[in-house]
Amino acid sequence: MMRRVIGLASLFLVVSASGCATSQPTPPPEVVTAEVPSYLLHPLPAPPVQVKHNRDLLQLLADYESLRRRANADRAAVVDLLGQPRSAGDM
């Protein structure tokens with residue numbers, strides 16, 4: 001009786017070991033980085049400065065505000081491309 005139990009245990013171990021030997025190893029995951037478009041990497045030019053009157057100063061201020069908004073939109077686009085979560089201070 002003891003021989004039969006040892007034989008069955010040996011048979012079970014051989015069958016289970018051969019099942020693991022035929023499995024294929026899974027390749028490690030690859031890290032893929034999103035490409036950032038080149039227009040998001042180049043600095044924006046400063047608006048032309050020709051202040052002669054207060055009206056020109058107000059126009060220059062409006063131009064800088066427009067550039068600031070565009071820069072923030074570009075930063076948000078980079079965050080979306082890279083898939084990083086935004087913090088409350090970045091908005």
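For this chain, numbers begin at 1 and follow the sequence in order.
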Exercise for the section: Report yes if some heavy atom in the side chain of Leu60 is under 4.5 Å from a heavy atom in the side chain of Pro48; otherwise report no. Expected result: no

Problem - Within one Ile-Leu-Val-Met-Phe-Trp-Tyr cluster: Val49 and Leu58, side-chain cutoff 4.5 Å - result: no

Handout entry: Leu67 to Ala46 - nearest heavy-atom pair and separation
Key = CD1-CA, 4.3 Å

Practice task
Grab the two heavy atoms, one from Arg70 and one from Leu44, that are nearest each other, plus how far apart they are.
Solution key: CZ-CD2, 3.5 Å

Exercise for the section: First locate atom CG of Leu41, then atom CD of Glu35, and finally report the distance between them rounded to the nearest 0.5 Å. Expected result: 10.5 Å

Problem - Side-chain (Asp56) to main-chain (His53) donor-acceptor, under 3.5 angstrom - result: yes

